[in-house]
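Residue numbers start from 1 in every chain, and the chains themselves are labelled A, B, ... in the order their sequence lines are given, proteins ahead of strands. Quick note: numbers below take in every heavy atom, side chains included, and nothing from hydrogens, waters or symmetry partners. If you're wondering where the values come from, they're calculated on a predicted model, not measured in any experiment.
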Amino acid sequence: MQEKVVTALLTALNGAKQKGQLRTPVWPTVSLDAPKRPEWGDLASTVAMSLAASEQKAPHDIAQIIVDNLSERDQLFDRVEIVRPGFLNLTVKPTLWQEVIRDIARQGRSYGRTDIGKGRRVLVEYVSANPTGPLHVGHGRGAAVGQAVLRLLNAIGYDAVGEYYINDAGRQMKLLGASVYARYQELSGRTATFPEDGYHGSYITAVAQQIKAQLDSVAEKLNPADLEARCRSLAYEMLLGFIREDLRSFGIEIQSWFSEASLLESKAIEQALDELKARELLFHQEGAWWFRASLYGDEKDRVVKKQDGEYTYLASDIAYHHDKLRRGYDLLVNVFGADHHGYVPRMQAVMQAYGHPKERLHVVLVQLVKLLRDGVEVKMSKRTGDFITMREVIDEVGSDAAKFYFLMRDSKTHLEFDLELAKQHSNDNPVYYVQYAHARICSLWRVASERGITRPTASETDLTVLTDPDELGLIKKLAAYPEVLEASALAFEPHRVTYYLQQLAALLHTFYNKHRILPPAGESDIDESAADGLTPGRTAARLVLMGAVQQVIHNGLDVLGLSAPEQMSFTTSHE
RNA sequence: GCGCCCGUAGCUCAGUCGGAUAGAGCAUCAGCCUUCUAAGCUGAGGGUCGCUGGUUCGAUUCCAGCCGGGCGCACCA
């Protein structure tokens with residue numbers, strides 16, 4: 001719809017240029033928004049005002065020229081108005097809005113999807129939590145955001161794949177092994193020195209207990225170093241297994257798992273660094289090897305190989321991203337915790353060092369989640385390992401509710417997450433508000449079929465009866481979905497869709513409350529239904545409209561990775 | 001000290017490639033269920049868009065400087 005109008009405006013502009021009425025060489029982007037007030041029409045554009053400078057004319061005059069050159073004016077618009085400085089207020093013919101419903105019915109699940117990504121390949125790296133403990137709430141937000149970004153990109157025609165980078169090499173693995181080993185010893189009645197900076201969480205003891213059960217029979221034959229190594233690898237496998245399970249039960253499916261250790265084994269780190277060395281982007285100083293990150297806008301150069309000969313974390317990451325690039329992705333998206341924002345320039349320097357524009361890597365930052373219970377902050381201490389896990393949250397509030405909350409706000413801002421609110425099955429809970437809108441429409445189908453009313457098809461229904469402002473308001477919101485989806489995907493900001501769905505659901509609930517869709521079951525209410533002009537034709541048209549609303553809510557929830565239930569369970573609703 | 005992010009209603013937050021009287025939810029108050037699910041709806045009150053300048057016909061939006069909060073500034077990951 002918006003597209004049609006923009007095209008019409010551009011045609012008018014070009015026509016005016018040919019007649020010599022306008023002379024701006026390149027048109028600015030033709031803005032077209034739903035204005036704030038209904039009396040300003042359905043769509044408003046500010047092109048005339050933005051052309052004022054280059055045309056050296058009054059905005060109002062330019063607007064007039066555009067209007068005069070609108071060749072399809074009568075086919076498209078009921079009303080075209082020029083207001084004060086130079087706003088162009090357009091009221092689109094209802095028949096065009098009604099067409100939107102047919103589009104939705106025809107396109108179904110693909111309504112809103114586009115191909116502007118042109119099949120370009122994208123790798124979305126997300127979660128990537130160290131396999132040294134269970135996922136916590138912050139990881140949950142990262143998982144929800146990463147998955148939503150991935151699905152959004154796919155929805156606009158990219159070919160996106162999700163990957164989890166496993167930090168299974170280096171220091172934290174050693175610490176994990178040492179921590180588990182120490183607990184193992186304690187469980188065996190021996191005193192052990194717990195490593196400084198070790199993992200203190202109680203889950204370590206639980207893991208040690210399980211490992212002890214497995215190893216007790218052979219433990220005697222192992223020297224301490226071997227035993228610790230066994231502890232390390234068994235603990236790693238167990239913890240990564242928990243992570244996989246947690247993600248699965250959260251409804252997150254990671255297509256690809258990439259091991260950091262594999263980079264060491266395959267010599268990929270050496271190769272990646274050699275390539276940089278060959279381009280003189282590495283230098284040796286004070287016994288260490290440095291990457292010239294400052295050449296590409298980072299604030300300083302960075303060590304990749306330490307004096308002791310060990311690679312830094314950055315070296316692995318260089319090799320990892322080198323590998324991603326070699327796999328032929330056109331765009332790399334990394335979902336990072338916001339505390340890693342300082343790392344971004346470094347990684348973008350790496351992109352450039354390998355000859356790619358820094359925009360080829362886009363980093364989505366995800367801020368911390370502040371957990372509340374009834375408005376009181378739930379304190380978490382990383383040091384003692386005493387934190388609320390993602391598992392506990394989804395067990396308590398459910399996957400859909402958790403995801404919706406994680407996706408409600410711009411990911412780069414702090415999020416307050418009230419557990420009590422999130423699990424409430426009430427009107428205070430936006431998740432159910434949206435899902436309920438979907439379920440309500442599904443319920444309509446059930447009641448309709450009980451009363452012998454068959455569901456009308458969009459193509460065979462006369463939709464011109466849909467002229468009520470509430471009906472048109474609903475359609476206009478539906479018409480905006482493709483734009484919202486596209487903008488949301490291009491900005492890597494899923495919360496725009498979440499917000500849109502709440503608005504759409506609100507319109508639906510209002511409509512549902514105000515207008516009847518099905519004729520009443522009895523005959524007593526004939527007058528009431530007549531007052532709202534409820535004829536069989538109107539019922540059919542409204543049912544088609546409801547089908548379109550249902551479809552869009554479904555599509556929106558789906559792109560966010562949420563379910564669209566056909567009915568709500570009322571088990572805990574009334575107290 | 002330097003860098004990044006945030007500062008919008010009592011609370012939590014949308015909106016910001018510059019536009020017309022700044023929005024939603026919660027909370028508060030007043031209403032709506034013999035009718036398609038009240039997990040819903042209607043109405044009311046509530047704001048110097050952190051402050052000060054600048055650019056502009058026009059700034060909550062862009063720029064600069066301040067103030068307040070968070071995070072980051074390792075041969076840790």
Ranking B:U21, B:C75, B:C13 by distance to the side chain of A:R37, first place goes to B:U21
Taking A:P456's backbone N and O only, do any of them form a donor-acceptor pair with A:T461's side chain (distance below 3.5 Å, no angle check)? no
Between A:Y320 and A:E125, is any pair of side-chain heavy atoms under 4.5 Å apart? yes
Specify the separation, in whole Å, of atom CG of A:L415 and atom P of B:G25. 19 Å
Would you call A:R373 and A:E396 a salt bridge, taking side-chain N to carboxylate O under 4.0 Å as the test? yes
I want to verify a distance call: between B:C75, B:C36, B:A14, whose nearest atom is closest to the A:A288 side chain? B:C75
Among the nucleotides B:A77, B:C36, B:C75, which one has an atom lying closest to any side-chain atom of A:R346? B:A77
What is the nucleic acid contact for A:A44, judged by heavy atoms within less than 4.0 Å: base, sugar-phosphate only, or nothing? base
For a quick check of understanding: with a heavy-atom distance under 4.0 Å over all strands, which category does A:N89 fall into, base, sugar-phosphate or nothing? base
For A:Q503, answer base if it contacts any base atom (sugar-phosphate contacts may also be present), sugar-phosphate if it contacts only those atoms, and nothing otherwise; contact means non-hydrogen atoms under 4.0 Å. nothing
Roughly, in whole Å, what's the span from CD1 in A:I453 to P in B:C36? 13 Å
Do A:Q367 side-chain and B:C71 base share a donor-acceptor contact under 3.5 Å? no
Is the phosphate of B:A14, meaning OP1 or OP2, less than 4.0 Å from a side-chain N or O of A:T413? yes
Between A:P59 and A:S31, name the one whose nearest nucleotide on RNA chain B is closer to the 5' end. A:S31
Is any side-chain N or O of A:R440 closer than 4.0 Å to OP1 or OP2 of B:A38? yes
Tell me yes or no: between the side chains of A:N167 and A:Q172, is some donor less than 3.5 Å from an acceptor? no
So what does A:K305 hit on the nucleic acid, given a heavy-atom distance under 4.0 Å: a base, only sugar-phosphate, or nothing? nothing
Atom pair distance, as rounded to whole Å: CG in A:N429 and C1' in B:A38: 16 Å
Candidate nucleotides B:C71, B:U12, B:U42, ranked by approach to the side chain of A:D339 - the nearest: B:C71
The side chain of A:Y499 lies closest to which of these nucleotides: B:A20, B:A24, B:C36? B:A24
Using heavy-atom distances to pick each residue's nearest nucleotide on RNA chain B, tell me which of A:S443 and A:N513 is more 5'. A:S443
Nearest-angstrom distance, C1' atom, B:U52 to B:A9: 24 Å
How is A:R302 classified with respect to the nucleic acid when contacts are heavy atoms under 4.0 Å: base, sugar-phosphate, or nothing? nothing
Under 4.0 Å between any heavy atoms, over every strand shown, what does A:E310 touch: base, sugar-phosphate, or nothing? Just pick one. nothing
Regarding B:C41, purine or pyrimidine glycosidic angle vs 90° from 0 gives anti
Checking B:A20, B:A74, B:G15 against the side chain of A:R496 (C-beta onward), the nearest is B:G15
State whether A:Y433 places a side-chain N or O below 4.0 Å from either non-bridging phosphate oxygen (OP1 or OP2) of B:C41. yes
From OH of A:Y512 over to C1' of B:U42, roughly how many Å is that when rounded to an integer? 17 Å
Contact class for A:W289 vs. all strands (heavy atom < 4.0 Å): base, sugar-phosphate, or nothing? nothing
Just N and O in the side chain of A:T312: are any of them under 4.0 Å from OP1 or OP2 of B:A77? no
Watson-Crick/G-U partner (both atom distances under 3.5 Å) of B:U34: none
Looking only at B:A77, B:C75, B:C36, the nucleotide nearest the A:V303 side chain is B:C75
Rounded to whole Å, NE2 of A:H341 lies from P of B:C2 at a distance of 16 Å
Using a 4.0 Å heavy-atom cut-off across all strands, classify A:D197 as base, sugar-phosphate, or nothing. nothing
Which part of the nucleic acid, if any, lies within contact of A:D410, taking any heavy atom under 4.0 Å across all strands shown: a base, the sugar-phosphate backbone alone, or nothing? sugar-phosphate
Side chain of A:F87, heavy atoms from C-beta onward: which of B:A24, B:G19, B:C13 has the nearest atom to it? B:G19
Could you tell me the separation between the CG atom of A:L175 and the P atom of B:A77, rounded to a whole number of Å? 11 Å
Within this structure, what is the NZ-to-C1' distance between A:K412 and B:G15, rounded to whole angstrom? 13 Å
A:N334 side chain to A:H362 side chain, donor-acceptor N/O pair below 3.5 angstrom: no
Which of B:C5, B:A38, B:A77 is nearest the side chain of A:R171? It is B:A77
Partner of B:A77 under the Watson-Crick or G-U wobble criteria, both distances under 3.5 Å, comes out as none
Could you please name the option among B:C36, B:C17, B:C5 that lies closest to any side-chain atom of A:V447? B:C36
OP1 or OP2 of B:A20 sitting under 4.0 Å from any side-chain N/O of A:K36? yes
May I have all residue pairs that pass salt bridge (Lys or Arg N to Asp or Glu O under 4.0 Å) and include part of residues 490-509 of chain A, sequence neighbours excluded? A:K412-A:E493, A:E493-A:R496
For B:C2, give the paired nucleotide (Watson-Crick: N1-N3 plus N6-O4 or O6-N4; G-U: N1-O2 and O6-N3; both under 3.5 Å), or none. B:G72
Can A:H340 be said to stack with the base of B:A77, given centres closer than 5.5 angstrom and planes under 30 degrees apart? yes
A:R409 and A:H414: CA distance, side-chain angles, deciding distance, side chain to side chain donor-acceptor pair (under 3.5 Å) verdict: CA-CA 8 Å; A:R409 311 297 184 207; A:H414 290 267; over 6 Å; no
Are a donor atom and an acceptor atom from the side chains of A:W445 and A:E566 found within less than 3.5 Å of each other? no
Looking at A:W290, does the NZ or CZ of A:K300 lie under 6.0 angstrom from its six-membered ring centre and within 45 degrees of the ring axis? no
Establish, with yes or no, whether the OP1 or OP2 oxygen of B:A38 is under 4.0 angstrom from a side-chain nitrogen or oxygen of A:H509. no
Over all strands shown, is A:E299 touching base, sugar-phosphate only, or nothing at heavy-atom distances under 4.0 angstrom? sugar-phosphate
Determine the Euclidean distance between corresponding P atoms of B:A14 and B:C32; express it in Å to zero decimal places. 36 Å
